[in-house]
Participant: 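Before we start, here is the structure in question, set down as structure tokens.
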Protein chains: 2
Amino acid sequence: MTTTLPEATPRRRATPAPPPLNLSPLMGHVGFLLRLAQQQVFDEFHRGFGQAGITPARYSVLALLHANPDVPQARLAEALRIKPPNMVALLAEMEAQGLLDRRVDAANRRANLLRLTAAGRALYEKLTPEILAMEQQVAHRLTPTQYATLIKLLAKLSPP
Amino acid sequence: MTTTLPEATPRRRATPAPPPLNLSPLMGHVGFLLRLAQQQVFDEFHRGFGQAGITPARYSVLALLHANPDVPQARLAEALRIKPPNMVALLAEMEAQGLLDRRVDAANRRANLLRLTAAGRALYEKLTPEILAMEQQVAHRLTPTQYATLIKLLAKLSPP
DNA sequence: CGGGAATAGTTATGTCCCATAATGATGGAA
DNA sequence: TTCCATCATTATGGGACATAACTATTCCCG
């Protein structure tokens, strides 16, 4: 291989200072700001945990089943705001990964009761501190107090 | 048609009080809260403005071109965090709607300079107060001060 | 009891947004 | 002039979300 230039330095032009756009009309819109923020967090999530086959949706299933064992999947879907048809593949994959069990409720044979396997619990407990750290790192422009305030306001925004 | 029952009253069972799930493990995760909040705002956006063929992405184009006429589309894409390939159909549809013009930059014939038509400007000016009102209505659980704080913190979260 | 309606999960399907790779046209720098 | 960067575009795939229709089960009520 030839001795190439170090990558950081611009090879040719210095990109003649493109004048920045005026973003102010969108900065008052909570919808736009939410989209930007979520894109950042999700990109970072996929970058850090996508290799391990973990997505935000799957992690949210782990978290809720860890705190709520033996819940039927329709009630999990409603808590996560995921439509029942979209839960099917999600849970089937996680079951195939050995993270949870779907067992028929003996008292109501229509319902599937969900619970984490030992592997699912272990994965949840391993991931949680890493994910919390990642989220705080994404919010590094905020002080801890501001971050806590943001969490509180976002929680207040959505219906209980 | 037969004289059916009024819809509001439950026909048969009173839904025997399903015990609520414990959501607390997710309430500390900014990623989950952002997803819930964005889903609310976007659902309301589509409910209120979808009929008119207006999506959040299209409105954001209107807003930025209103404040930044004659901007090349690559720089618009980068400001909105939309990849250039995904801008093509978006702008083509808006051009077909008569909301904007794409004209070749005489000084750089690779670039398309974008600007709103009179109809695009009029639509932007008509929509903006309605959308701001809708967003504040979605956030009705927050005081005006809390809403302003939320906007400020979200803006701080994303890179300038 | 027996039949109709609600519940629970699933299948099939479509849409929307986002992403990468490859192409063609143009411009700039050496 | 030649090489490489830039700009827009096409083709394509993936992921999250939605609705409609189907099956199986259970409940209610006459």
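Letters A, B, ... mirror the listed sequences (proteins, then strands); counts begin at 1. Remember, it's a predicted structure, so these values are computed and weren't measured experimentally.
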Participant: Go nucleotide by nucleotide along DNA chain D from the 5' end; which of A/A107 and A/P85 gets its closest nucleotide reached first?
Facilitator: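 The answer here is A/P85.
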
Participant: A/N86 has an atom CG; how far is it from atom P of C/dT11, in whole Å?
Facilitator: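 Between P of C/dT11 and CG of A/N86: 13 Å.
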
Participant: C/dC18 P sits how many Å from A/F42 CZ, rounded?
Facilitator: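 In whole Å, C/dC18 P lies 13 Å from A/F42 CZ.
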
Participant: Determine: side-chain N/O of B/R81 to OP1/OP2 of C/dC18, distance under 4.0 Å, yes or no.
Facilitator: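 So the side chain of B/R81 is outside the cut-off, no N or O lying under 4.0 Å from OP1 or OP2 of C/dC18.
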
Participant: What is the separation between atom CZ on B/F45 and atom P on C/dC16, rounded to the nearest whole Å?
Facilitator: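 Spelled out: CZ on B/F45 to P on C/dC16 is 14 Å.
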
Participant: Answer yes or no: does a side-chain N or O of A/R110 lie under 4.0 Å from OP1 or OP2 of C/dT10?
Facilitator: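 Result: no.
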
Participant: Does the pair B/E125/B/R121 count as a salt bridge with the N-to-O cut at 4.0 Å?
Facilitator: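 No, this pair does not count.
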
Participant: Is there a side-chain polar atom (N or O) of A/N112 under 4.0 Å from OP1 or OP2 of C/dT10?
Facilitator: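 For C/dT10, OP1 or OP2 has a side-chain N or O of A/N112 closer than 4.0 Å.
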
Participant: Assign each of A/D43 and A/L91 to its nearest nucleotide of DNA chain C by heavy atoms, then name whichever residue's nucleotide is nearer the 5' end.
Facilitator: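 That would be A/L91.
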
Participant: For the side chain of A/P72, counting heavy atoms from C-beta on, which of D/dA16, D/dA18, C/dG9 is nearest?
Facilitator: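 Within the option list, the nearest is C/dG9.
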
Participant: Return whichever of A/R35 or A/M87 has its heavy-atom-nearest nucleotide of DNA chain C closer to the 5' end.
Facilitator: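 Comparing both residues, the 5'-ward one is A/M87.
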
Participant: With a 4.0 Å cut-off, would you call A/R115 and A/D101 a salt bridge?
Facilitator: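 A/D101 and A/R115: not salt-bridged.
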
Participant: Rounded to the nearest Å, what distance is computed from the CG atom of residue A/L113 to the P atom of nucleotide C/dA8?
Facilitator: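 One finds 11 Å between P of C/dA8 and CG of A/L113, rounded.
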
Participant: Please indicate whether B/Q51 has more than 12 foreign heavy atoms, meaning atoms of other residues, nucleotides or ligands, lying under 6.0 Å from its CD.
Facilitator: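 Atom CD in B/Q51 is not crowded, with 12 or fewer foreign heavy atoms closer than 6.0 Å.
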
Participant: Can you tell me the distance, in whole Å, between the CG atom of A/L90 and the C1' atom of C/dG9?
Facilitator: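 Spelled out: CG on A/L90 to C1' on C/dG9 is 14 Å.
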
Participant: So, OP1 or OP2 of C/dT10: does either fall under 4.0 Å of a side-chain N or O from A/R102?
Facilitator: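 Yes.
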
Participant: If only side-chain N and O atoms of B/R109 are considered, is one of them under 4.0 Å from the OP1 or OP2 phosphate oxygen of C/dG27?
Facilitator: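 Answer is yes, contact under 4.0 Å.
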
Participant: In whole Å, I'd like the distance from the CD atom of A/E78 to the C1' atom of C/dT7.
Facilitator: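 It is 13 Å, rounded to the nearest whole Å.
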
Participant: Is the ring pair A/Y59/A/F45 parallel, tilted or perpendicular, if the boundaries are 30 and 60 degrees?
Facilitator: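 Tilted: the ring planes of A/Y59 and A/F45 meet at 30° to 60°.
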
Participant: Side chain of B/V88, heavy atoms from C-beta onward: which of C/dG27, D/dT9, C/dA8 has the nearest atom to it?
Facilitator: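 Nearest nucleotide to the side chain: D/dT9.
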
Participant: Looking only at side-chain N and O atoms, does B/Q97 offer a donor or acceptor that is under 3.5 Å from a partner on B/R58?
Facilitator: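 Yes, side-chain donor-acceptor contact under 3.5 Å.
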
Participant: Among the nucleotides D/dC17, C/dG27, C/dA19, which one has an atom lying closest to any side-chain atom of B/N108?
Facilitator: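 Side chain of B/N108 sits closest to C/dG27.
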
Participant: Please determine if a side-chain N or O atom of B/Q39 lies less than 4.0 Å away from the OP1 or OP2 oxygen of D/dC17.
Facilitator: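 True: B/Q39 side-chain N/O within range (under 4.0 Å) of D/dC17 OP1/OP2.
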
Participant: Between atom CG in B/L80 and atom C1' in C/dC16, what is the gap in whole Å?
Facilitator: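 From B/L80 CG to C/dC16 C1': 17 Å.
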
Participant: Provide, to the nearest angstrom, the distance between the CG atom belonging to B/L76 and the P atom belonging to D/dC7.
Facilitator: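 My rounded result for the distance is 13 Å.
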
